[in-house]
Structures are given as structure tokens and as C-alpha cells.
Amino acid sequence: MNPLLSGHNSDSHIVAAHPADEKNMRVYFRDIQGIRFEDVPFYPFFHLSDSRLIEGFTRKHWAKELGGNAFYKYLCAFEEWPAMWDGLRHVLESYNATASAKTDSLTQLEVVHILTDPATQYLLQSGRTLFKGMAFDDLHRLQLDIETYNTPSSQFSDSRRSSDRIILIALSDNRGWEHLIDGSGTTEKEMLLELFRILKEKDPDVIEGHNILGFDLPYILKRCKNLGAIPAFGRDGSAPRSFDSRFSVAERSIPYTGVEIAGRHIVDTLMLVQSYDMIKRNMESYGLKYAAKYFGIAPANRTYISGNRISWHWDNDRKTLMDYAMDDVRETRALSERLSGSSFYLTQMLPLNYGAVIRSGSASKIELLMTREYVRSKESMPKPGEGIQTSGGYTDVFLRGVLEPIIHADVESLYPSIMITEAIKPASDVLDVFPQILKELTQLRLDTKRHMKLAGDATERNRLDAMQSSFKILINSFYGYLGYRKGLFNDHVRADQVTSTGQDLLRSMMRTIQTLGGTVVEVDTDGIFFIPPRGETSREVDERFVQQLSDSMPAGISVALDGRYRKMLSYRMKNYALLGYDEHLTIKGSALISRSMERFGRSYIKQCITCLLDGDLDGLHNTYLHFHHVIIEGSIDILDLAKTETLNEGLHEYLQAVESGKRNRSAAYEVAIGMGGVVKQGMKVSYYISGNDPNPKSFESCKSVDEWNPSFPDQNKAYYLKRLNEFSEKFMDFFKPQDYRSIFSPDDLFPFESHGVRILTTTVTSASSLSQGIPSEE
DNA sequence: AGCTGTGGCAGGGAGG
DNA sequence: CCTCCCTGCCAC
């Protein structure tokens, strides 16, 4: 494997510089003395003790502005070398006999990392946990789940209550072992000591749990502190080190307690599930039970208990609770089995430990690969460039309505292909590491995919698939890194170059489709939905057409047939529905289907779209009548009426923003505040609108679904009828006004008559998205 | 010891 | 009414 991806020595990611080597560093701090640090476009090498000599750059400056930049910290921490070296030798010797051989070879090595924390050094230095050449199945993984008595969902809010304690610890591993530490007739402290004894005996490489960093581990640490027990999790019997951190997926940022354990890795399957859904975006929740069902790995006859009944079961029905806890760890094991393989294989090429690979984002990974090579080459690191990216993907819609048949053709790996064929790299990358890594990863992925197809064994195929998918995620992040404002090697000019080249390619692809007689419906970034020439379709014909398209593109850019569909409902840019030849319905876009919509709205829209795609106008009208009826009757489930929203801000930030007029009051936050619970970032809140006012202020009329009382139903029927009509309005453009009115209204005057009603196709011009309806030709 | 990007639509509240 | 601004969610 290319040394850029495998690390520069096979046994260790840690390589350290000796101060005597400073003359070989490009650029050492003495070279820039007399120049303001702010004016220097790169980070020079220097000793911490010397940093005060650089004008405009003090230790305080370092701590405050660069402290968060771990990579830079490694570069300038040379003065800590002797202490670190001794510490390293100590932990290695305590771990295994070959340590001295390893540390001796270390002195020969050049710099890459100086990791100041002994636990991390130990973790990375133990060859066993580096995973070099290991298969995922060789890893010894232990699953852990605790059940607690009287613990509210708000976690720590009343953890000082004497009744709040751990009652069960369920454990399992991937070698078929299962164990339950039962809190009956034993103290909590004895349970914890038993846990640490078991950990020492089983000696797992990895400790896994669902939300283990959000709940189980911080909770155990807290109880240990209260009880005066040492949380001996480490391979050397040491206690974990913990820190507050954040995990961000897309626009969400979820706080968690980071935990580092000497010689072991921690995997939170909740993070794996969230990362998975960041790409798939079709999960309803990230809870263990839902996720297990979603992936089809929930054990048959699994025991379910609702969270607030745990204490009751402990008091009245312990057997059921024990079964439940055991099923939790089994599901955790299966989830990790399904999701963690790709991170495992990435760890073999990144200077990060397994847990950190899962916790950190793609930009960090790319930057670390760059950093490793730069420091090894003794080349100074650039500072982030100023300015921002200004362009993105090309998106447009040309036809609105129900269209058939449909082909979706997309450019394979558009942005990476552009970066490779146009040789795009950051201006600051003087060593050309960025394009080399990108090319190497791309080649590696192709090779892995080829091997995957040849592999006969299913286990081997899964292994290779996990590897290639991890490469794909990383490859696709290279473009994003260029535009990342805090990236050391960012380059917004090149980022714009990538997107504008992409736009040009898509426009040229559209022209080719039109020249060949096809009709373009919608374009988004790297793919086009279109009707083939003369509406003729078959797999062979479509494939030939797309091949023609592909041949018309520049070298290095290839177009693939991504999908064939019986019909498409085109609504807006990034909003459409597809009906496959297997009758499978896919709905895309937040305007059509969104998790923040009321559940009845989602199912109403889904049913309407089904009817529209089937041309079933009576069905469409009946769907409206049904929902109209159940809202008026009050026979609709309150959970169907409720909106579920995520609180992306903490209480303090929200109140401050409202106070300063930066944002308006919002129903979800007000409900959370009203419930008296802790308003936690990332928390989900379900609420409904009460009262009679058809135009209520939602932040005043909102109530938590838990407050709804079946004896005194107070949901706002007028408001929900209005919501039903708002959902219907999405379909307004598909009909003549009088037809629209007759479909989406109750039969109070005349019964609905579908005869003569037609679904319209509208031409959308890019200049104005509002144009007149034109009856479609049939 | 956190952090890849732009583009589009909907909904709510405030104020003209 | 309308416009502006903000957040949330989503496609790629």
C-alpha cells in the first residue's frame, strides 16, 4: 500500500522529533523572527519554550486560538519530548516484553505525532489495537448496558437521589459469551468492582454500547466517584480520562462525554447509527430498538419494556427486566457488527485510534493524512486561507406534473472525477499530497470493489464492502475540505472551480439529451431525470442511450444509468416522487415529505401521491374526505397530529436568541420548557396545537403530547383542517382551479365527479418558477 | 481533544 | 395582506 495511506512505519503511528533535529525543519521559527506571526502564511516549527520570542505569538495566543487545532499542537510541542519519551517507555514496558525493542526503534524515527496523553500513547502503541492487518472479526468486542433504578430520562438531573443506582449490568461479547451482573442482594459498589474484575479477565479490545458515551459510561464514572470506587477500565488497570465534547452530524451537534481508556477502544453504536442516517436519511429515530428493527437484526421474541417502567419491573418482575437488558446488548452487538466495519478498516490507514475514527469527521481525517506527510517531510503547515466558497451544484426543474417513462442518469463520482482529471489541489499543498492521496484512495476503492466482486465467501465480501464504502465517504469529502473555512489546506478558489466545472458538465449533458431527442425534467448537481426519446424504454435501449451520453463527456468523466422508473411526479427542485417498475414508491424532498411534518400529513401526502401516480382521481378525493372526516370526528390519533421537532440549541442559547430578537419564540422549545425538564441539545419534542383559533400562534397554543387527555380532547380541529388544506395545496399546480377545488373539498353541495378532470403538466421556466398550466398531451 | 460543502423549500413570527 | 428573517429539514 502507498505509504501515504499506510503510515510511514508499520508498527506505530507515533513518531517523534528530537529537538536536535530542528535545523532540518522547514520553516523553523528563527527564520521568521522579526516578522509578525499573523503575516506568516504557514505554521513554523518551534519549541514551546521559544514561542514567546515570536512577535505576535504568545503561549496565550497558542492556547486560545490554536489550542483547538490538535495538529498544530503536535508541531510545536517539542519541548515536551524528554518527558514524553520516558512516559512512553514506561507504558510500553508495563504492557509487553517487546517494548524496549519498539522504543529503541522509535529513536530512529522522524516526527509525526507527539501525543501528550499516556492513555492515548498506550492505546496507539499496543500493536494489538492498531489493527494492522487484522480482520474485523478478529477483534474482541464486549457490549455493555446498564439499567438504573429511578432514573428519569433527564439523566443526571436527580442522580443525587439515594434511590438512584445501577441495578443490572448486562454484558456480552462477539465470542458467544453473555453475562448479567445482578443487583439483587448486592451493593452497587460490589457490582462495579465485579464489572472491573470481568473486564480484566475478558480483556476486550473494544467496549461497545448504544449511547454508551451519552449515558452508560458517564453514569458509571459518576457513580464510582460517589461510591469511592476506582473505575478500572484500562488494560493497565487505570481509570478512564473523560472530557466534554460534541458530535456533529449534518446540522445537528450533540454533546457527549468523550472517554479514553488505556489500551481499549470505545464504540458508541448511537454515533454509528447517526452517521449512517446522515447519508441515508430515512430513519425515524436513533434509539436502539428502532435501529435494530430497521436493520432487521432484532432478536425473535425480543423482550420490550418502556423506559419509565424499569423501576416497576425491578420491584415486581425481575426476570422480564433481565431478559430485556440481555436483548439490549445482543442488539448492540448486531448493530456494531453491521455498522462499524468501515471505521475499523479506516483505522488501519489513519493516524487516529478506532474510537476517534468514529467520533471525528471526514475533514479531520483528510487533514491528518496531510499532516502526517508534511511533518514527516519536515515541511511547515499552511494556515487556512481567507475568503469563502461562492458556488455550488447546478439545480433546475423544467417540467412539473406526472411524467413517464423516466430515466435517471448520473455522473459517477462527479467532484472527485473533476478534481482528478483537472488536477485540482490546494494552492498551499506544495508537496502535492492532496492529489496523491485522492488518487490513491480512488484506485484503492476500485481495486477493493473488484476484489469484492470476485470474492466467493460472503464474509470476505462484507469485509471488502465495508472497506470500499469507507474509502468512498473519504473520497467524497475531499471537495468539501477545499471549501472548509478552518481547513489548514483549504482553497475556496479551487472549490469554486470544482463546482463550476460540474455545472458546465451537467449543462452539456442536458444539451446532449435534448439533441438526442430526450426531454429533461429535473437536474440536481450530478444527475438528470429525463424522458427518453419518443418515450421508448427498455433496459437495453436505456443503457445504450446512457452509454451514448457517457461517450459524449470528456475523458475521465463517465455517466451511468442510475435508475429507470415507470412514472415520476415532479413537484419542485429537489422535490419529487418516483414509481419504480416494481411499483415501489420513493418520495424525496423536504417540501413533500419531512420528519418535522405531522404524521397524518406525511401519510396524507404519500397516499395522494400514490393516487396521482396511478391516475386515480376518485381515490385522491376519497383520501381527502377520509382525513377531513377523522379530523372533524376527533377519531385521529393524537400522535398523528403531533409535530416532532429537534432542539438544535440549548435552553440558554435559545432564550438568549429570543431575548436579543435574533430569533422568534418556537413551539418546540416552549413545550420543552413547559414540561419542566432539561432542554438538551439534540432532544426531540412532540407537541400538538390546542384551542379553537384557526390561526393560532403556535408557540402559545402548543402542548406536549403527554399532556393530551382522551377524556378532554382539546386538539385544535380548525387548525388541523387548515393544515390538511395546506398539504393539499402542494397539488394545486397539477389541476385546473375548479378541478382542484372539487377534489380537495368535502361533498357538501355536489358529490365529486372525476370525469373530465385531468392531471396537468406544467412547463417551469428557469426565469420564473410560476407559469401557467398547460394541459398535457396524451 | 468538534466542526466537509452549496442550494431549495416550508413554516412561523414580526412588522410594515 | 405583503416582505423579511430565521430555523429546520432535506437533496446532492
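Chain letters run A, B, ... following the sequence lines, proteins first, then strands; residues in each count from 1.
Under the ring-ring contact (aromatic ring centres under 6.0 Å, His included) criterion, A:Phe727 pairs with A:Phe600, not counting sequence neighbours. Remark: A:Met278 engages A:Val249, A:Ala250 in a side-chain contact (heavy atoms from CB on, under 4.5 Å) (not counting sequence neighbours). For A:Ser508, the side-chain contact (heavy atoms from CB on, under 4.5 Å) partners at least two apart in sequence or on another chain are A:Arg511, A:Met553. Not counting sequence neighbours, the partners of A:Phe529 by the ring-ring contact (aromatic ring centres under 6.0 Å, His included) test are A:His408, A:Tyr576.
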For residues 690-697 of chain A, dump all side-chain donor-acceptor pairs below 3.5 Å to protein atoms at least two apart in sequence or in another chain.
{"from": "A:Ser690", "atom 1": "OG", "to": "A:Ser701", "atom 2": "O", "distance (Å)": "3.1"}
{"from": "A:Asp693", "atom 1": "OD1", "to": "A:Asn695", "atom 2": "N", "distance (Å)": "2.8"}
{"from": "A:Asn695", "atom 1": "OD1", "to": "A:Lys722", "atom 2": "NZ", "distance (Å)": "3.3"}

Which atom pairs, one a donor and one an acceptor, fall under 3.5 Å between side chains of residues 661-668 of chain A and the rest of the protein, sequence neighbours left out?
{"from": "A:Arg663", "atom 1": "NH1", "to": "A:Glu649", "atom 2": "OE2", "distance (Å)": "2.5"}
{"from": "A:Arg665", "atom 1": "NH1", "to": "A:Glu670", "atom 2": "OE2", "distance (Å)": "2.7"}

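A:Arg246 has its CZ atom 10 Å from the P atom of B:dG2, to the nearest Å. Following rounding to the nearest Å, A:Gln497 (CD) and B:dG5 (C1') show an atom-to-atom distance of 16 Å. Here the C1' atom of nucleotide B:dG8 and the CG atom of A:Asn575 are 8 Å apart, to the nearest Å.
Among the atoms of the strands shown, only primed sugar atoms or phosphate atoms (P, OP1, OP2) are found under 4.0 Å from some heavy atom of A:Gly392.
The stretch residues 472-483 of chain A participates, sequence neighbours left out, in these side chain to side chain donor-acceptor pair (under 3.5 Å) pairs: A:Ser362-A:Ser477, A:Glu367-A:Tyr481, A:Gln389-A:Tyr479.
Chain A approaches DNA chain C within less than 4.0 angstrom (heavy atoms of the protein), and the contacting nucleotides run 5' to 3' from C:dC6 to C:dC12.
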Once each nucleotide of nucleotides 10-16 of chain B is scored for protein heavy atoms under 4.0 Å, what B/S/- sequence comes out, 5' to 3'?
SSBBS--
